[in-house]
Amino acid sequence: MQQTTLHFSDSENNYQIKEAYKTLRSNVEFSGQDVRAISVTSCTPGEGKSSVSMALARAFAEAGKKTVLVDADMRKSVMVGRYKTGSVRLGLTHCLVGRDKLSNVICETDTPNLYVIFSGPIPPNPSELLGGEVFSKILANMKNVFDYIIVDTPPLGSVIDAAVIAKQCDGTIMVVEDNAISYRFAQRVKGQLDKAGAKVIGAVLNKVDMSGGVYGHYGKYYGRYYGKYYGKYYGRDDSNVSLNVGAPKKNAAPQEERFSSRKSAMHADLDDLDYVDGVFRKD
């Protein structure tokens, strides 16, 4: 298993934003216990679907849920450049084409309970790989290990990959940028998901201007009020100086002690993907 450190910006550690994603996490949980593999897509690039995917996965992890974020935007991924620090050699592509086993492409992060599979090299046929038997098997077997699987997909208004992935997941979330996408365009994209047999569990209105109006006023008030008392919990001190996210605690248990020492004789064969080496099975 690979190791990596995730870098989060100050805005992603903002109290109001973290509370918003806690609400989103709760809404997903209320969608049903069988909704565990969730794909996230948007209409066009730049609407913030990758940020929403990471923040949602992080929210589940902070709630004690063993969560894996799968970067399935294999055409133009932003995950590696935006969040990763450190060396990651293997990605989803290596597993889909049979170059490496699932346990080797999973990254353990410095955020407890949060794991990431980065996209890897750009393949010539991403739609075929994501719609094939291997990806379906990967999702099915990860459910034996993880509580939640968040899959970041390409924008459906540009390529069909998101619909291919969505029909294999338990639910799909659409991310829509405020004042950027027309109602008809969003309806067409949702229609594509419906035709693919995907279960749309909701939409996220992203990049909303909260600076003015009544919501902006109350948002700032509660952010200051609660942030004063809970700021340190969210990695910020009273002077609003950002602390390191996920920094290891002193006297923390060695890395190898926090994970299973069990070794699996997994091979490239699909039937041998029933165990993810190095990660505890979900109870």
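T41 places no side-chain N or O within 3.5 Å of a backbone atom of T153 that could act as its donor or acceptor partner. Between the side chain of R25 and the backbone N or O of A59 there is at least one donor-acceptor pair closer than 3.5 Å. Between the N113 side chain and the T67 main chain, no donor and acceptor come within less than 3.5 Å of each other. One N or O on the side chain of S31 and one on the backbone of N27 form a donor-acceptor pair closer than 3.5 Å.
How far CD1 of I150 is from CZ of F60: 5.5 Å, rounded to the nearest 0.5 Å. Note that the SG atom of C43 and the CD atom of E47 stand 5.0 Å from one another [nearest 0.5 Å]. In this structure, the separation between OG on S53 and CG on L69 is 6.0 Å, given to the nearest 0.5 Å. Rounding to the nearest 0.5 Å places NZ of K199 at 10.0 Å from CD1 of I38.
Contact annotation: the side chain of L24 approaches that of V204 to within less than 4.5 Å [non-hydrogen atoms, C-beta and beyond]. Counting heavy atoms from C-beta on, the side chains of F8 and M54 come closer than 4.5 Å. Looking only at side-chain heavy atoms (C-beta outward), I117 and L102 come within less than 4.5 Å of each other. Side-chain atoms of P123 and M74, non-hydrogen and from C-beta on, do get closer than 4.5 Å to each other. Under the 4.5 Å side-chain criterion, counting only non-hydrogen atoms from C-beta, Y115 is not in contact with C107. Residues V97 and L129 are in side-chain contact: their nearest non-hydrogen atoms beyond the backbone lie under 4.5 Å apart. In this structure the side chain of Q2 never reaches within 4.5 angstrom of the side chain of N104, judged on heavy atoms. For the pair V70/L92, a side-chain contact is recorded, criterion being any heavy-atom separation below 4.5 Å from C-beta on.
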side-chain contact (heavy atoms from CB on, under 4.5 Å) assessment of Y148 paired with L56: CA-CA 10 Å; Y148 284 94; L56 180 59; over 6 Å; no
Test side-chain contact (heavy atoms from CB on, under 4.5 Å) applied to V145 and N141, step by step: CA-CA 7 Å; V145 178; N141 285 282; over 6 Å; no
Evaluation steps, side-chain contact (heavy atoms from CB on, under 4.5 Å), between D110 and L6: CA-CA 7 Å; D110 56 335; L6 298 179; 4.0 Å; yes
Worked check of side-chain contact (heavy atoms from CB on, under 4.5 Å) between I160 and Q192: CA-CA 9 Å; I160 198 62; Q192 285 185 302; 4.1 Å; yes
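Considering N206, D152, T44 as possible partners of K49, the one that fulfils the side chain to side chain donor-acceptor pair (under 3.5 Å) test is D152.
The local environment of NZ in K207 is crowded, with over 12 non-hydrogen atoms from other residues, nucleotides or ligands closer than 6.0 Å. A 6.0 Å sphere centred on CD of Q33 holds no more than 12 heavy atoms belonging to other residues, nucleotides or ligands.
With Y21 as the aromatic partner, R58 does not meet the cation-pi criteria of under 6.0 angstrom to the ring centre and within 45 degrees of the ring axis.
The residues K22 and E62 are annotated as not salt-bridged, no charged nitrogen and carboxylate oxygen being separated by less than 4.0 angstrom. Between E133 and K137, no side-chain nitrogen of the basic residue sits less than 4.0 Å from a carboxylate oxygen of the acidic one, so the salt-bridge criterion is not met.
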Side-chain polar contacts of residues 163-183 - donor-acceptor pairs under 3.5 angstrom, sequence neighbours left out - could you list them?
{"from": "Q168", "atom 1": "OE1", "to": "S136", "atom 2": "N", "distance (Å)": "3.4"}
{"from": "Q168", "atom 1": "NE2", "to": "L130", "atom 2": "O", "distance (Å)": "2.7"}
{"from": "Q168", "atom 1": "NE2", "to": "V164", "atom 2": "O", "distance (Å)": "3.2"}
{"from": "D170", "atom 1": "OD1", "to": "K143", "atom 2": "NZ", "distance (Å)": "3.0"}
{"from": "D170", "atom 1": "OD2", "to": "R36", "atom 2": "N", "distance (Å)": "3.0"}
{"from": "D170", "atom 1": "OD2", "to": "A37", "atom 2": "N", "distance (Å)": "2.9"}
{"from": "D170", "atom 1": "OD2", "to": "K143", "atom 2": "NZ", "distance (Å)": "3.0"}
{"from": "T172", "atom 1": "OG1", "to": "S39", "atom 2": "OG", "distance (Å)": "2.8"}
{"from": "S182", "atom 1": "OG", "to": "F185", "atom 2": "N", "distance (Å)": "3.1"}

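Between P154 and A72, the shortest heavy-atom distance links the atoms CD-O, 3.7 Å. I149 and M142 make their closest contact through CD1-CB, 3.7 Å (heavy atoms, listed as atom of the first residue, atom of the second, distance). When every heavy atom of V105 is checked against every heavy atom of G91, the shortest pair comes out as CG1-O, 3.3 Å.
For R75, the side chain to side chain contact (heavy atoms under 4.5 Å, CB included) test picks out D73, P126, S127, V159, D161, with sequence neighbours left out.
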